[in-house]
Amino acid sequence: MQSDQIIIFDTTLRDGEQCPGASMNIKEKLEIARQLALLKVDVIEAGFPVASPGDFQAVEQIATEIRGPRIAGLARALQKDIEAAAKALEKAQAPRIHIFLSTSKTHREHMVEKAKEEILDMAVNAVRLGKKFCDDIEFSPMDASRTEPDFLVAITQAVIDAGATTVNIPDTVGYAVPDQFGGLIRHLRENVENIDRAVISVHCHNDLGLAVANSLAAVKAGARQVECTVNGIGERAGNASMEEVVMALKTRQDFFGLRSAIETKHIMACSRLVSSLTGFFVQRNKAIVGKNAFAHESGIHQHGFLKKKDTFEIMEPRDVGLEESDLVMGKHSGRNALRHKLKDLGHDLQQEELDRVFEEFKILADEKKEIFDEDIIILVQKQKWSDDSLNIYRLGKIKVAFETGVFPEATVELTSRDGKTRTATGKGDGPVDAICNAIDKITGLQCKLLDYQVLAKTKGKDAQGEATLRVLHETREVLGKGASVNTLEASGLAYVNAINKLLLKNKSGPLEGGELPGP
Ligand SMILES: [Zn+2]
């Protein structure tokens, strides 16, 4: 009997985080993990423990703190990887070790340089070793979609015999097309003798824009776990997008007859959080979570739309958390109203955090007439960016002189953790460049600005601007964020945020052993 439940395996924190420029610190990863738990994903792949001490710690902390979802750690089919994963997962309520090994001809010859028989032995031994630490073992034959189907059958059968409880079929390079990929899953169900003893999972990449389509074709053919990421982030063109898979299953229940446990009303909050923490913006026309995804949001009010909603809308905006709350916020709103509003927006803050956000809220309410939902989200984020327990420097006053035809000059004041305030003046090609140069003079760090963007996050002329920039120092790339009604101040805050991240010792992301690819 096939279950009608689809297991949602979220790999935002592993595959998503692994893509260049998306790396997050432990605090940020924990925040996303909490949001994923609220969303009720079934499995959180928290990281690749052997990849770096930061990765190990992140998996360990998520395993210790997060309750509800199963927590998975990734490992190559190597003893040290499996032992590191097992150790990082020790405190998890429900741990899973996810072991992967390349199986396709091209990977066998050029990556692992091993023959089929050796691969088979390695896989079986790895699963057996994992089984000593953990009942729940997932095995991924990497590049499965380009592996000879007969060999895939053989290895699947062997790892299930060795104790694998989930077999994940990755389309590692995004090569598959839906009919063929669904056929491959059917082939496994028909030819692997012990297939009933494991869950079939799929992990699709989006190189041809088919990751979601391939995942759904696999589900139709009998896969019961889908690996995906929030907003579809991930290496190259990314992974299957979680919100698209989930909403397709929900909206087309009539066709699939399947369900997931996801609390879809938290989708928007999670999407915004991931976008904000990784700096990967969501395109306007992105399905489900893009700004224009719902007709009412894009301001298109066709005649038919006004007469009857479902002439154009196949989903309810409120199902993904886009409900316009009737609670209007302004100058006279109290702390309790703010708390309610924050909850509506998916942020359950601790008292201390709430107090700080409330203080900022009062200041903003004096500056701005109307406070929109986006304003409040920015306040929450700002509070995190300026978390003093993590910061070495705090931005004080900025003064910028700008005149057409003259190099702009900026004077910046920074206060360091020991309470000392220093001021420096810098010139630059533009005012932002001048601000960054002045900050560099104080910190003594030589940084290169790789990318810089300012977005108006709210409506109106007095909108808050959010500055996002990427900074390179030696070989490390970090993301900085800042928001203010004044875009130059937002830029200064973003740059200081990036500097603080550079100075933070507790860094995460793959640091050792060069590139460690995953399935
Ligand atoms: Zn992947």
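- Classification of Arg146 and Asp171 as a salt-bridged pair fails, no side-chain N sitting under 4.0 Å from a carboxylate O.
- With rounding to the nearest 0.5 angstrom, the NE2 atom of His203 is 10.5 Å from the OG atom of Ser145.
- Considering CG of Asp143 and OG of Ser102, their distance stands at 7.0 Å, rounded to 0.5 Å.
- Atom CD of Glu466 and atom OG1 of Thr487 lie 13.0 Å apart (nearest 0.5 Å).
- How far CG of Asn486 is from CD of Glu367: 9.5 Å, rounded to the nearest 0.5 Å.
- Between Asp366 and Lys331 there is a salt bridge, with a side-chain nitrogen of the basic residue lying less than 4.0 Å from a carboxylate oxygen of the acidic one.
- Ion pairing between Lys399 and Glu413 fails under the 4.0 Å rule for side-chain N and carboxylate O.
- Look at Asp55 and Lys29 and you find a salt bridge, because one of the NZ, NE, NH1 or NH2 atoms lies within 4.0 Å of a carboxylate O, short of that distance.
- With sequence neighbours left out, Asp207 forms a salt bridge (charged side-chain N to carboxylate O under 4.0 Å, His left out) with Arg236.
- Asn231 places a side-chain N or O within donor-acceptor distance of the main-chain N or O of Ser271, the cut-off being under 3.5 Å.
- Remark: Ser215 engages no residue in a side-chain hydrogen bond (donor to acceptor under 3.5 Å, both in side chains) (not counting sequence neighbours).
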Practice prompt. Output, in order, the C-alpha distance, side-chain angles, deciding distance and verdict of salt bridge (Lys or Arg N to Asp or Glu O under 4.0 Å) for Glu28 and Lys501.
Written response: CA-CA 12 Å; Glu28 293 167 331; Lys501 282 192 184 170; 3.3 Å; yes
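- Using a 4.5 Å cut-off on side-chain heavy atoms (C-beta onward), Lys27 and Leu30 make no contact.
- Remark: Tyr175 OH is loosely packed, at most 12 non-hydrogen atoms of other residues, nucleotides or ligands lying under 6.0 Å away.
- In the model, Gln381 has a side-chain atom that pairs as donor or acceptor with a side-chain atom of Ser276 under 3.5 Å.
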Discussion item. Let's go through Tyr393 and Tyr495 carefully: what are the C-alpha distance in whole Å and the side-chain angles of both, what is the deciding distance for side chain to side chain contact (heavy atoms under 4.5 Å, CB included) to 0.1 Å, and is it a yes or a no?
Written reply: CA-CA 11 Å; Tyr393 290 108; Tyr495 195 67; over 6 Å; no
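- In terms of the salt bridge (charged side-chain N to carboxylate O under 4.0 Å, His left out) criterion, Glu489 has no residue partners (sequence neighbours excluded).
- Atom CG of residue Leu36 and atom CD1 of residue Ile32 lie 7.0 Å apart, to the nearest 0.5 angstrom.
- Between atom CD1 of residue Ile378 and atom CZ of residue Arg272 there is a gap of 10.5 Å, rounded to the nearest 0.5 Å.
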Distance-only donor-acceptor pairs under 3.5 Å for side chains of residues 424-434, two or more places apart:
from, atom 1, to, atom 2, distance (Å)
Thr425, OG1, Thr411, OG1, 3.1
Asp433, OD2, Asp429, N, 2.9

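- Applying the side-chain contact (heavy atoms from CB on, under 4.5 Å) test between Met242 and each of Val212, Thr229, Val41 identifies Val41 as the sole match.
- By the ring pair (Phe, Tyr, Trp, His ring centres under 6.0 Å) test, Phe9 pairs with His98, sequence neighbours left out.
- At a cut-off of 3.5 Å, with distance as the only test, a side-chain donor of Asp15 or His205 sits close to an acceptor on the other residue.
- In Phe281, the CZ atom is crowded: over 12 heavy atoms of neighbouring residues, nucleotides or ligands sit closer than 6.0 Å.
- Side-chain contact between Ile398 and Leu488 is absent, with no heavy atoms from C-beta onward closer than 4.5 Å.
- Within the 4.5 Å cutoff, side-chain heavy atoms of Leu502 are placed close to those of Cys447.
- The pair Glu352-Arg356 counts as a salt bridge, with a side-chain nitrogen and a carboxylate oxygen less than 4.0 angstrom apart.
- When the options Asp10, Leu273, Thr11 are evaluated for a side-chain contact (heavy atoms from CB on, under 4.5 Å) with Val230, the one that passes is Asp10.
- Scored by the salt bridge (charged side-chain N to carboxylate O under 4.0 Å, His left out) test, Lys362 finds no partners at all (sequence neighbours excluded).
- No side-chain donor from either of Thr423 and Lys397 sits under 3.5 Å from a side-chain acceptor of the other.
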